[in-house]
Amino acid sequence: MELLLISTLKVILVFAIVLGALSPLAGWAERRQSAMIQDRVGPNRASIGGFRAWGLFHPIADVIKLMTKEDFVPATRNRYLHTAAPMIAFWSAVVTFAVIPFGPWLQIANLDIGVLFIFGIASLGVYGATIAGWASNNKYSLLGALRASAMMLSYEVTLGLTVVGVLICFSTVGAQELVVAQAGPIWNWGIFKQPVAFVLFFVAAMAATKRAPFDLPEGESEIVAGYFLEYSGMKFVMFYMGEYIEMFLWSALATVLFFGGWQIPWVPFEGQTWYEFAGVAKFLAVLVAIAFLQMTVRWTLPRFRYDQVMDLGWKMLLPASIGNVVVTAVVIIATPAGGVLQRVALLVGNAVVVLVALAVAAAMKGENKIGVTTEALRTQRSEEAVH
Amino acid sequence: MAKLTINGKDVEAAAGTNLVEAAKQVGVEIPVFCYHPKLSIAAQCRMCLVEVEKMPKLVPACQTPVAEGMVVKTDSERVKTAQAGVMEFLLLNHPVDCPICDQAGECALQDYYMVYDLTGSRSTVGKVHKPKVQDIGGGVVLDSERCVMCSRCVRYFDEITGDAQMGFFNRGDRVEVSIFPDSPLHGEYCGNVVDLCPVGALTWKDFRFKCRVWFLEKAASVCPGCARGCNVTVEHNEGKVFRLKPRDNEAVNQCWMCDEGRASYKFVNEGRLLDPVVREEKKGVTTETLSSQRSEERKAYVKKEEAKAGSREPHTRKAVVVTWERALAVAAEQLVKVVATKGGAAIGVVLSPQATLEDNRAVVRFAADHLGVTAFYMGGRLDGEGDAFLRLADKNPNRAGVLAALEMGAVARGLAARTADDVVADVESGKLSALIVMGNNLPVSPDARARLVSAAARLDAVIVMASNRSELVDAATVALPSATFAEKEGTFVNAMGMHQKLRRGIALVGRALPETQIVQKLAAKMGFDFRPAREASAASPATAAPGAH
Amino acid sequence: MIRVREKYGDRMTALESSYLTETLKGLSITLRHFLENTLTRKNTVTLNYPEEKKPYPERFRGLHRLMKRDDGQVRCVACMCCATVCPAHCIKIEAGEHDDHRIEKFPIEFSIDWLRCVYCGLCVDACPCDAIRMDTGEHPKPQIDRNGFLTTKIDLMKLGGPSVAVQGGVRPDNGEG
Ligand code: SF4
Ligand code: SF4
Ligand code: SF4
Ligand code: SF4
Ligand code: FES
C-alpha cells in the first residue's frame with residue numbers, strides 16, 4: 001500500500017518536472033534563445049494584465065491555442081494509424097523517464113537493465129514517425145518517415161556502442177548503480193573516463209531526437225514538415241512535445257552516464273535529507289546545461305545533407321565508437337581497477353581513437369559516399385549537363 | 001483659282017479664300033482666336049499674323065485672300081515673335097485659373113500657349129480684375145477675366161441670330177464683353193456662343209463642373225431633339241452622357257444646334273427603365289398562400305390585401321422585375337394567346353419615331369410577317385415649336401424613318417400608319433385587345449393618355465419597349481427596357497429625307513437592349529425564324545459628314 | 001542545362017570534415033551573440049513596434065491629407081488633376097459650384113480609396129493648389145472591411161492644416177456675381 005502511494009507520488013513528481021516544467025519552458029527558452037542568438041527580441045507579447053514576464057506566458061498561450069485548434073486531417077489518411085502515430089512517439093519518449101534517477105530517492109523504477117530499457121523503449125519512438133509518415137498518405141510525409149527510420153538505424157548503433165564503453169568502465173547497466181559508481185572526486189565521472197564516448201553520444205543523441213542539424217525527417221525547406229506535415233492541433237503537439245522530451249531524455253542519460261547523475265563531487269551521500277534535494281537540483285542543472293548546449297547547436301549548424309548524415313554516422317561515428325569500445329575493454333582488463341594508471345591509460349586510449357579516426361577520415365578524403373572520386377563524378381556530371 | 005506657296009508647299013485655292021483656310025488644305029495650322037468660318041472677319045486678335053513676301057509688314061491671315069504667286073511663311077522668326085507677343089498680351093491680365101475653368105483641356109489659349117509661347121509672364125504689375133461667374137442668361141455663364149476679346153460671341157448674335165445681344169464695354173485693359181443692361185441672353189440658340197468662345201469666358205451652365213473634358217469620350221451621332229437631325233457628338237464618360245455638341249454638317253446644321261437639342265440627352269441618364277418588368281394579375285387572397293402564416297399575421301395580411309384590392313379597381317397588377325428570359329416568355333405567351341384567339345388584327349403596334357430606322361423596320365416586319373398585325377400607329381413625341389433656323393415643330397428625329405420602315409414592310413400589304421389618337425380610340429372601342437408599343441409614351445393629350453392607361457388594364461397584353469419609366473410603362477403587362485439613341489448604332493431619317501448614322505456612345509444602361517434585338521429574341525421565343533434585315537438604306541444618300549467640330 | 005561545380009568538395013581537411021572544430025567555432029559565435037544580447041540590447045535590431053517606432057524618412061509618402069484655407073475651408077478646387085494623373089484611379093471627386101463666387105468651384109465630395117492607392121505621390125505633384133499632401137508620415141491602418149479604406153473629404157481634411165502657399169482662385173471681391 002505504502003509502496004503504491006510512494007510510487008504514485010514519484011510518478012507525479014517526475015512527470016510534473018518533465019511535462020509540466022521542462023517541456024513547456026523548453027519551447028519558450030528555445031524561441032527566446034534563438035532570438036538572442038539572432039539579434040532579435042523574441043516572443044514578448046503575451047501578457048496577463050499588462051504583465052509580460054519576458055514572454056513566459058507564451059507557452060500558456062500556445063497550449064491554449066493548440067488545444068482549441070481544429071484537428072485538421074487529410075481525407076485519405078489511414079484513420080487508426082494516423083491517430084496512433086503521435087501517441088507512440090509521445091509515449092515512448094515519456095515512458096523512458098521511469099528509470100532516470102533524478103535523485104537518490106527520486107526514481108520511479110530502479111530496473112536492473114535501466115540503460116538498456118531506455119534504449120529499447122526510445123528506439124520504439126521511430127515507429128511514431130514512420131507510421132505517421134505512412135498513414136498521412138502524403139509524399140512528403142512518407143519521405144520524412146523514410147529519412148527518420150534510416151537515420152534512426154544509423155545512429156542508434158553508435159548511440160548504443162558509445163554507452164558500452166561507459167558500462168564497461170562501471171561494470172553495470174543499472175541507472176542508479178551507474179550514478180553510485182561515480183561518487184567521490186570529480187574525476188570519477190564518466191566524462192573523465194570516456195570523453196570521446198561523450199562527444200559521440202552527444203552527436204548521436206542529437207540525431208536520435210531528430211533536431212537540427214539532424215532534422216532531415218522534418219526538413220521544412222525540402223519536404224515541408226516531413227512526417228508530421230499532416231498533423232495539427234493536439235496531435236501535432238504530441239510530436240512536438242515528444243521531441244522536446246526526447247531531448248531531455250538524452251540529456252538526462254548523458255547526466256547519468258557522464259556527469260555523475262545526482263552525485264555532488266567529493267561530497268559522499270550518506271542518507272542526508274538536504275543531499276537528496278541538492279542532488280536533484282544538481283541533476284537538473286546538468287540536464288538543463290546539456291539541453292541548452294543541444295539547443296545552441298541547433299541554432300548554430302545548418303541542416304546536414306542526407307549523404308553527409310550517412311557519411312558522418314557510418315564512417316566517422318560508428319568506427320570511432322567501435323574503436324572506443326575495444327580500447328576501453330583492453331585498458332580495463334590490462335590495468336588495475338581504480339588506479340591512476342587506469343585513468344591515464346583510458347585518456348590515452350581515447351586520444352588514440354580520435355587520432356585514428358581522423359587519420360581514416362583523411363585517407364577517405366575526396367571520396368564520396370559511393371566510393372567514386374569527386375573528380376570522376378564531376379566529369380560525369382558535366383557530361384550529363386552537356387546532354 | 002490662285003496658285004501660291006505656304007511654307008514652301010504649293011497650294012491652289014479658289015479666289016477669295018483666306019490664308020487660314022488655304023493653309024489648312026496643306027496641313028499648316030495658323031492659330032486663330034477671332035476668325036471663324038461662319039462669322040465675318042474681324043481680324044482683331046492678331047494671332048494669325050503671317051509673313052507674305054513683298055509685303056512690308058506681317059499680315060493677318062484670316063483677312064488676307066489668296067493671290068496668284070503669293071509666298072507665305074507661317075513659321076519664320078518674325079511670325080514666331082509676333083505670335084509669342086500676342087500670347088503675352090492676351091495672358092497679361094488673364095487669370096489663368098485653369099484648375100477651375102471648364103474650358104481647360106479644350107482651350108485655345110492653353111493649346112496655343114504650349115505651341116507658340118511657353119514663357120513666363122514678364123509683368124510686374126498686378127492683373128486687372130473683372131467680374132467672374134456672371135450668369136448672363138440663356139444657360140451661359142460669363143467670366144470676363146478669361147475673355148480674349150475675340151468678339152466671336154458678339155458677331156454671332158449680330159450675324160447668325162441677328163438679334164445683337166452682346167457687346168464690348170469700357171476701353172483699354174478694362175474692356176469687357178457683356179450683355180446689355182437688363183437684357184439677359186434669350187432665344188433658342190445661346191449655347192452656340194459657348195462653343196464659339198475659344199476660351200473659358202463663356203461656359204455652359206448645364207455642363208459646368210460636371211466632368212473634365214479630357215475624360216469625355218465622343219461618339220458621332222444625331223440629335224434626337226427634332227426632325228432636323230442636327231449632327232452631334234455624344235460626349236460621355238463612365239456610362240453617363242454629359243453633353244451634346246454640334247458636329248459640322250453643311251447640309252443640315254452647319255456647325256450649330258439649338259439649346260433644346262443640347263438638353264435632349266438628359267433622358268439617357270435619368271429615369272431609365274433598367275430591367276424587364278412583368279405585371280401579373282393579382283391572385284387574390286387564398287387560403288393556400290396564408291396557411292403558412294400565423295393567425296395574427298394572417299389577419300393583418302388579409303386586412304391589408306382587402307384594403308389594397310378595394311383601392312385598385314378593377315384589376316390589381318403586381319410589378320415584378322424578372323429576367324429577360326421570363327419577360328420574353330410571358331410576352332410570347334400573351335401574344336400567342338391573342339393571335340390564336342382573336343387573330344393578328346386584334347393587335348395594335350405603335351411605332352416610334354424616336355427609335356432608329358432599323359428598330360422600326362424590325363418591329364414592322366415581325367408584327368406584319370409573323371403576327372399578322374394590320375394596325376400600325378405612329379408614336380413618338382407631341383409636336384412643339386419650330387422656327388426658321390434649325391428647329392422644326394416635329395420633335396421626333398425619325399418620323400420619315402418610320403414611314404420608310406412601313407413602306408418596306410407594310411405598305412406593300414396595303415397597311416398605313418395611323419395616329420396615336422387612333423390607338424386610344426381603337427382600344428376604347430374594343431377593336432384592339434393587345435398592344436405592342438415602342439417608346440415611352442404616346443403623342444396624345446394628357447386626357448387621352450389617362451384614358452388609354454385605364455383602358456389598357458382591360459387589354460390581354462400591353463407590351464411596351466421603353467427606355468424610360470412612364471404611366472404607359474406602369475400600365476404594361478410586360479415592360480421591356482430598350483436602348484436610347486446614345487447606346488446603339490442605327491439610322492435616323494430627318495425631315496429632309498437624309499439618312500444619318502448614329503454611332504454607339506455609352507454601353508447599354510441597366511439591362512436595356514435595342515428594339516431590334518428585343519424583337520429578335522421575342523420572335524425566337526415564339527418559335528419564328530426571324531432575322532431583322534440588314535438592307536442598306538438605299539432610299540437617299542447618307543449625308544452625315546465625317547469629322548466632328 | 002545546369003552546371004554543377006563542387007566548390008568545397010576537395011578543400012575540406014580531415015579535421016574539418018570531422019565537423020568537430022568547425023562546430024566549436026560556430027558554437028562560440030552563437031554563444032557570444034547569446035551572451036551579448038542577454039546582457040545588453042544594443043545589437044538587437046528588432047523594434048517593439050507599437051511602443052517603439054522607427055521614424056519614417058522625411059519624404060515618406062504617407063496618408064493623404066486635404067489642406068485648408070485660412071478660414072478652414074478646403075483648398076482643393078476640384079480641378080481633377082490628381083484624379084486624372086492617379087494611376088490607380090482611386091480618387092473620386094464630385095465638383096460643385098461654390099456659393100462664394102471668388103472660390104467658384106470646390107469638391108462636394110472628395111474620396112480616396114487608400115486600399116487602391118499605390119502611394120506614388122503623383123497626385124501631390126499634380127495639384128496646382130497645394131491642396132493635397134502626403135506628409136502625414138502615417139500609413140493606412142488595417143481594416144476589417146475594405147470600405148474602411150475609403151476615406152472621405154471630411155476625414156482627409158481632419159488630417160489637413162493650413163498651407164503657406166498662396167491660394168489660387170481667390171481674388172479681391174470686386175462686387176461681381
Ligand atoms: S480660358 Fe483657358 S487659359 Fe484661361 S483659365 Fe480657362 S482654360 Fe485656362
Ligand atoms: S467671351 Fe469668348 S467669344 Fe466672346 S469675345 Fe470673349 S473670348 Fe471671344
Ligand atoms: S498617391 Fe498615387 S495612387 Fe495614391 S491617390 Fe495619389 S496619385 Fe493616386
Ligand atoms: S489636384 Fe489639387 S486642387 Fe485639383 S482636385 Fe486634386 S486636390 Fe483638388
Ligand atoms: S484670327 Fe486673324 S486676327 Fe484674329
Side-chain angles (χ1 to χ4, degrees), chain B residues 93-107 110 121 125-137 139-147 169-170 173-174 176-179 184 200-217 237-238 240 242, chain C residues 66-67 69 73-111 113 116 122-132 153 163 165-177:
Chain B
N93 285 317
H94 193 88
V96 202
D97 46 8
C98 308
I100 57 168
C101 179
D102 247 16
Q103 190 80 4
E106 52 181 11
C107 173
Q110 278 186 333
S121 173
V125 292
K127 294 192 172 189
V128 176
H129 291 298
K130 293 174 195 169
K132 296 174 78 71
V133 207
Q134 308 166 72
D135 186 348
I136 58 170
V140 179
V141 177
L142 167 67
D143 186 317
S144 299
E145 282 185 339
R146 295 181 195 149
C147 175
F169 304 91
N170 297 336
D173 62 6
R174 274 166 296 161
E176 244 179 66
V177 76
S178 194
I179 48 172
L202 299 176
T203 47
W204 190 232
K205 221 169 162 184
D206 177 52
F207 179 67
R208 256 167 85 86
F209 306 159
K210 294 285 190 316
C211 184
R212 278 312 211 173
V213 297
W214 56 81
F215 291 132
L216 293 175
E217 289 169 57
N237 178 36
E238 293 181 348
K240 225 180 134 190
F242 282 93
Chain C
L66 280 179
M67 307 304 285
R69 293 168 196 256
Q73 292 191 69
V74 68
R75 271 181 82 88
C76 169
V77 297
C79 70
M80 314 272 170
C81 287
C82 52
T84 305
V85 78
C86 176
H89 298 302
C90 63
I91 305 181
K92 290 272 170 296
I93 304 167
E94 191 193 324
E97 193 97 49
H98 200 283
D99 293 338
D100 184 348
H101 280 176
R102 292 169 306 165
I103 295 176
E104 202 170 335
K105 194 181 182 187
F106 82 113
I108 297 171
E109 189 43 274
F110 187 116
S111 69
D113 186 346
R116 289 188 85 177
L122 289 177
C123 49
V124 179
D125 291 352
C127 183
C129 303
D130 185 30
I132 189 167
K153 182 173 112 180
S163 162
V166 175
Q167 174 69 48
V170 182
R171 50 202 59 257
D173 190 347
N174 43 10
E176 77 271 18

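Proteins come first, then strands; the chains are lettered A, B, ... in the order of their sequence lines, and each starts at number 1. What you are looking at is a predicted structure, and each value in this text was computed from that prediction instead of being measured.
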Nearest heavy-atom neighbours spanning I103(C) and I100(B): O-CD1, 3.9 Å
Interatomic distance, D97(B) atom CG to K105(C) atom NZ [nearest 0.5 angstrom]: 10.5 Å
Salt bridge (charged side-chain N to carboxylate O under 4.0 Å, His left out) contacts touching residues 82-97 of chain C (sequence neighbours left out): R208(B)-E97(C)
Minimum heavy-atom distance P128(C)-P99(B), with the two atoms named: CG-CG, 3.7 Å
Chain C contact via D143(B) - side chain, backbone, both or neither, heavy atoms under 4.5 Å: side chain
Value rounded to 0.5 Å, distance of CZ in R102(C) from NZ in K132(B): 12.5 Å
With A104(B) via side chain to side chain contact (heavy atoms under 4.5 Å, CB included) - residues at least two apart: C98(B), Q110(B), R212(B), W214(B)
